Each structure stands twice: as structure tokens, then as C-alpha cells.
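Read the structure below first, then the notes.
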Amino acid sequence: MTLRTIPVSLTINGSKVGPIEVPEGLMMIDFLHEYANLTGTKLGCGQGVCHACAVILDKEDGSSTTVRSCITGVGFFADRSIRTVEGHAEEAGGAGAAKPSPVQQAFLEHYSFQCGYCTPGFVNAATVLVERLKREPIERNRVEQVVTESLNEHICRCTGYVRYYTAVRDLILATPGLTRENADAS
Amino acid sequence: MRARTRKRGWGILLAVVIVLGAGAVVLLSGLLDPHYETSDVDGPEGNDAQLLARGKYLAQAGDCMACHTAKDGPLYAGGVPIETPFGTIYGTNITPDKQHGIGEWTSADFYRALHDGLAPEHPLYPAMPYTTYRGIPREDSDALYAYLRTVPPIAVPDKPTEVPFPFNMRFLMRGWNPLFLKDELPDVSQGESQQWLRGRYLTNSLGHCTECHTPRGVFGQLKLGSTFEGGELGELNSPDITPEGLARRGWTPEHLQRFLALGLSPLGSAYGDMYEAFHFSTRHLSQEDNQAMVAYLTGDQPQPPQALPEPPQEQEEAQAGLTTGRSVYLAVCAGCHAVNGEGKPGATVALKGNSTVRNADAHNLVHVILHGLEARSFPEGDRQSMPGFADELTDEQIARLANHLRTRWGGQKGDVQPGDVGALR
């Protein structure tokens, strides 16, 4: 028996990948691990519930969303552009010390995670949120609620979410341009 | 001469109109409403433990909860919205609260509501399935009445019906009833065993299956000539549950017994309103009653299930992207439903041979792909939520996906058009 294959080309973290012939039923997380050598994306439940495996899909209209890579076939991403947890930090001039993204830095400062297994998913979801607020700022008194809505589906079994949510809230409130004054403020 | 004939003709017409008008006034006024006597259960005998246990079981078999208990609301205090083409009607408070519930009703009042659709204060709309409950005998009505008097009284007023003129004139139901209220409903299966007869009562009267599974006419009446052939049920369509319709989709008596008891079978899980019917009602049926209901649905001599035809040879080339039905399936469905369509235990149902995929009417299949399904709990394990793909996939892609599923795993034609998908968005 031979596996039917499909040729896949896509952009990962800004770099073109492919075309590569892969089994047609391959899930994206396996592609990242086995073909792209990107092992930062983590397999949690394997059935789309925990969101640990979420990667960022950058759409043509400039918006982004997260997609669960454990239940989404590689064919879904053909000729599309994604970002994984490996794509957030800035390389620091070849010295080996990368500079974490603002979201990653906030998680570090708030001790948001312990085992870190769910962190790639949280980084991606929080990054999508921060980028969205750059385009569409919200009132300051809505931040807490919007953070909850954006991260609600991500499951963490160590720290109980509070430090993740606080980190993202504080980052949003401290970053100019993401929020505007409350409508009822005089 | 001619003038006199014409005059006499007018006179006869006038007399007929007056008689008909008077008859209508008498009918609609309620002067002809039936009346019943109270029974022993209005007195101390209504507290008999065995009677109350039977009443509780009958309330489950009759699925009173589905309409009379709001989500997260108190037991039998009403408030569930029932959307009808005539407006929204809310399930009423049937707790024994004297002001807001049925605490002042007698067993005779209760029987008249079940049997004739006439509450003490006004006629009921047939959203209350008295059209099927009419087959409930007085002794079972009395047991139900006695049981309902023991649930905690809840002082919650009924939500007013949102039914516009002219349908808000409830007295008109006294004209509807003689036209559409039948003592017996047609049988769709053949049988004469005691089990089949018991099943008829559970299915046609208590379980009121026909209220959802039979199409309705312009007056909201059941089209009894098409009994159990499936109807429109809000956003989803209820499937054909005639013996032929069930066999066509592969149902066996064993599958049906499992489905009614556990909500799950190899042919799929209970979803939409059927989940409520399973959760509040059919899972509580005793094993004997479960088997009796299935015996009635399939008949004393069940038809053999239709085998799933061999799928046609896969013609479609393997492609990346979301071009073919197969590539859409592999991209967004196979992760949970498995590449071979056999589902994953504890997470998702099989699509191969799934009753919804095998349904000639693709309405529900397309609706679920577009809008997804809620997570549900079942005695043998949960089924997780399914996301809708309305934002991810185009009408064309969903039509191709639906046709891929129908032809490969449903034995159906791939005749879903993009326009059919667009209509359900």
C-alpha cells in the first residue's frame, strides 16, 4: 500500500517551504515536527480541545487567526502563511541570544507558566490579540473581558491562568495605541 | 316569478348563514366543551408512593421536561420558548404553585388539558401536544397529575405568548380541534404483539414522536398521511423514522435501542432537539419500554437494514489546498473524524455509514458543517463540540465536501449545490 501524497508549499515564519510531497492525511503538527524541524508547537489532547497546538494563520486581508494544528490537515495551509512559536523572538545579531517578543517578555516577567507545555498556544493567541488591537483599539475598561474571550479556550494545567491573563492585560494597557479612553470617561 | 325564486334563494342562504353562525358561536364559546369528573387522586389516594413513582416515570416517558423546564431553570416551572410559524409560545409553569402553576387544577382539569387541549382558563395551542397526549388514558393522566403535585411549587409567572393577531384569539382553537384532533393516529408499521401495542402507546401518545417527525400543514396540523416521514424543526429537519426510512439509512432494532437508551449508536449521536428528547426522556425508559418503542418503530417483522453500497472508485486526484471534496475533508475534518471516516472513540462519531450522511435530504449534514454542534454528554462518554465552518469554507467547498461524504460514506447522490449551502448560512 502506498500513501497518497500531495505537494505542499507554504510560508512558515516568513520563510518559503516546499514544495514537499507529504502524505495527504498528514496533520499540520506532524508536518511541523517531522518535515519542517519546528518542534516548538506542542501536541496536547490531539483532538482540538486544549489549543496547545494553535499556530497563527496570516490571512491575505492582513488579519490573523489561530488554527489548531493537531486537527487541521497540512493541505489546509497550502500556499498560505503561518507563524509558529519559533517565529516571535528577534534574532539578536547571531550572538545566539534572541530577544523575546513583547508577549513572550510579559509571560516571563509574570511567571505565567511552569511546565510551559501550553505556552506556545498562549503566545500565539495573545499575539493575535495584540495585533488585532493595533488595528482596532478597544476601550480600556473592556480589556479584561477581551483577554478572557481571546484566551478562554486555551487550557493550562499548572498555573491556573491568572498569570497568563494578567500578563496579557498589563501588556495591552501599557502599550500605546492598543486602547482608547472609556466612552463614559469625561 | 323569477324575482320570487331569487328572493327565496336569498332567504335560504340567510337561514344557512344564521344557523352556521349560531353553531360557530356556540362551538367557539365553549358551551360544547367536554367535562370530566374528579377522581380518587384528588384526595389522599393521590399520595400513594407507587402511584407517584409511576407518575414520575410517565412524565419522563412523556418528555414534559423538554418544554416545561427551562435551561438551568427550576423543575417544571416553564419558560422554554417554542418557535412556531404562528409566533413564539412558552412552556408553562406546571408546578403546584397555586397562583402561577396548576395548583388549583383538579385531576379532571388536568385530563381535559391532555385530552382536549382545554385548560381551565383558556384553550391551549397544539404546541402542547394534546394531539398525541389524547391517547393517554385517564389512569395515567391521574398518575401524572398526582406526581406533578409533589414537585416543589415555584412562584414564576408564565411568559406571555408572542402570537400576533388573529392567532392570538385562543377561542379559535375550539374550531381547530374538531378538524384536526384525532382519537387515533395512523400506524406506520405492522404489528399485533403486546410489545408492539405498548410501543404504539409510548411512541404515538406519551413520547409524542410524531409532533416533530411528521410534517405540518398550513394550519399547523400534523399531515397524518405523511406520518413519521420527517418534518422541519427549526434550523434542523427531523429525519424520516418510518420503518422504510430507518432501514434505508441502515438502522436495526439493536441500533435504535442503543440510540434511545444511550444517545449513541454506530450510526451517530443524538443532536439538536433529539438530544433533549434522549436526555430528558428516552434514556429513562425501562428496557421493556425501550424495546417496545423500537418494536413499534420497526414493526413486529423489522425490515433488514440497507447495506451501505461500496463507494465508487476514488477518482479525485490528491491535491493540496481546498479544491476537491476529498481535500477539504482531509484538511478540516479528518483530524477528528479520522481519514477513513470511522470517528474517534470518546471524541467524535463515525461519518462512514452515519445516519445523517445517509439521509437523502442533505439539509442537516450541510447545516452541521456550516454551524457546528455543541458538546454533549452521553452515558458512554462525551462527544466534543464541533466547530462550524461557515467562515472558513465557501459554499462551493462545502457543497463538494458534502457530496464527497454522501457519495463515499452515505450511498447518496452528490447532488448538493452551492446554492443549497448558501440558503442555510
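Residue numbers begin at 1 in each chain, while the letters A, B, ... track the order of the sequences. Treat the numbers as computed from the prediction; the structure is a model and nothing was measured.
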Please report the closest heavy-atom contact between [X] and [Y], naming both atoms and the distance.
X: B/K344; Y: A/G46; answer: NZ-O, 4.3 Å
X: A/G75; Y: B/A331; answer: C-CB, 4.4 Å
X: B/A334; Y: A/M27; answer: C-CE, 4.0 Å

Is it true that atom [atom1] of [X] has more than 12 heavy atoms of other residues, nucleotides or ligands lying nearer than 6.0 Å?
X: A/K42; atom1: NZ; value: yes
X: A/Q145; atom1: CD; value: yes
X: A/R163; atom1: CZ; value: no
X: A/Q105; atom1: CD; value: yes
X: A/E153; atom1: CD; value: no

B/L330 CG to A/R4 CZ distance, which is reported to the nearest 0.5 Å: 8.5 Å
Would you give the length of the straight line joining atom CD1 of A/I71 to atom SG of B/C333, rounded to the nearest 0.5 angstrom? 10.0 Å
Does anything in residues 253-281 of chain B reach chain A? List residues with heavy atoms under 4.5 Å apart, or say none. none
Chain A contact residues among residues 363-396 of chain B, heavy-atom distance under 4.5 Å: B/Q384, B/P387, B/E392
